[in-house]
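Below, read A as the first sequence line, B as the second, and so on, with proteins coming before strands; counting in each chain starts at 1.
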There are 2 protein chains.
Amino acid sequence: MVEQLPISTPLDLVFHALADPTRRAMLHALSNGERTVGELAEPFAMSLAGASKHVKALESAGLIRREVKGRQHLCRLDAARLADAAQWLSFYERFWTERLNVLDALLREEDAQSDTQGDQR
Amino acid sequence: MVEQLPISTPLDLVFHALADPTRRAMLHALSNGERTVGELAEPFAMSLAGASKHVKALESAGLIRREVKGRQHLCRLDAARLADAAQWLSFYERFWTERLNVLDALLREEDAQSDTQGDQR
DNA sequence: AAGTTGCTCAACCATGAGGTTGAATATCTG
DNA sequence: CAGATATTCAACCTCATGGTTGAGCAACTT
């Protein structure tokens with residue numbers, strides 16, 4: 001069976017946006033309130049145009065919203081897509097929860113006893 | 001002040017690994033138990049070498065571990081780095097929690113009343 | 001009107017990512 | 001030993017990414 005994957009999902013864009021430390025830092029800045037593109041760019045050793053591209057990436061991923069106010073662009077966090085990412089991750093929560101690891105160990109012991117049948121594939 | 005960013009953090013690698021639907025699907029497959037590289041590759045319309053690169057990306061990000069068993073490589077999920085990602089996201093949880101949005105609305109009302117001072121910058 | 005400011009756009013460049021193919025390697029099977 | 005199987009490696013291609021610079025364009029300021 002050949003799985004057909006979509007060209008680019010929202011989750012792709014979100015995770016890709018988060019994969020860059022500059023963009024994560026920008027999100028963090030926005031967690032303290034609205035910021036203009038210039039304010040977002042200021043902390044980084046990078047041209048304004050470069051930083052502007054990062055802002056655009058965040059916007060395309062739906063992580064921020066922009067309100068043009070005169071000549072400056074006011075950006076603010078939009079956490080809905082972050083919630084999507086968190087929800088995706090939450091599926092795996094049981095794998096890092098200590099409690100379940102203990103249960104897992106118990107199940108392994110049972111597997112070691114009744115060892116003849118295949119696994120859960 | 002110019003912020004100096006590290007070349008590549010673990011979180012960069014994790015989010016980058018998660019930004020690809022093939023790799024996310026592989027992780028999902030691994031949530032059902034150990035898989036060989038061949039088994040991980042099978043669902044995709046892609047050469048084995050191509051899929052093997054994805055597996056390598058997941059491994060470099062620390063999302064999976066590999067145990068060479070004869071000629072096949074057995075992979076299993078390692079969720080610790082997923083937990084790191086989830087923890088990073090959890091910082092923003094308050095922005096998508098409904099309760100806080102209500103509180104936010106209340107604060108906005110207060111702001112509308114005492115409007116003269118600057119914001120929280 | 002003229003200048004400055006805030007930002008985007010377009011062109012460009014270097015690098016890396018995702019894919020391919022073909023060969024190499026190591027292991028299992030007969 | 002010979003062949004098949006599981007996987008990686010190396011070389012290559014194409015396209016995207018992250019950065020630059022220079023120009024363009026609104027919108028404020030004087």
Using 30° and 60° as the class limits, which term best fits the ring planes of A:Y92 and B:H28: parallel, tilted or perpendicular? perpendicular

Whole-Å distance, A:L58 CG to D:dT17 C1', equals 14 Å

Hits for side-chain hydrogen bond (donor to acceptor under 3.5 Å, both in side chains) against A:E59, two or more places apart or cross-chain, chain-then-number order -> A:R66

Applying side-chain hydrogen bond (donor to acceptor under 3.5 Å, both in side chains) to A:Q87 and not counting sequence neighbours gives none

From CG of A:D12 across to C1' of D:dC15 the rounded distance in Å is 16 Å

Closest to the 5' end of DNA chain C, once A:Q72 and A:K56 are matched to their nearest nucleotides, is A:Q72

The side-chain hydrogen bond (donor to acceptor under 3.5 Å, both in side chains) partners of A:R24 (sequence neighbours excluded) come to B:T9, B:D12

Between CD of A:E67 and P of C:dG6 the distance, given in whole Å, is 18 Å

A:E39 CD to C:dT5 P, in whole Å, measures 16 Å

Check: According to a strict under-4.0 Å criterion, is A:T36 in side-chain N/O contact with OP1 or OP2 of C:dG6?
Finding: no

Contacts satisfying side-chain hydrogen bond (donor to acceptor under 3.5 Å, both in side chains) that involve residues 46-55 of chain B (not counting sequence neighbours) are B:R23-B:H54

Those residues at least two apart in sequence (or on a different chain) that pass side-chain hydrogen bond (donor to acceptor under 3.5 Å, both in side chains) with A:R71 are none

Whether each nucleotide of nucleotides 17-30 of chain C has a protein heavy atom under 4.0 Å at its base (B), only at its sugar-phosphate (S) or at neither (-) is summarised, 5' to 3', as SSBBB-----BB--

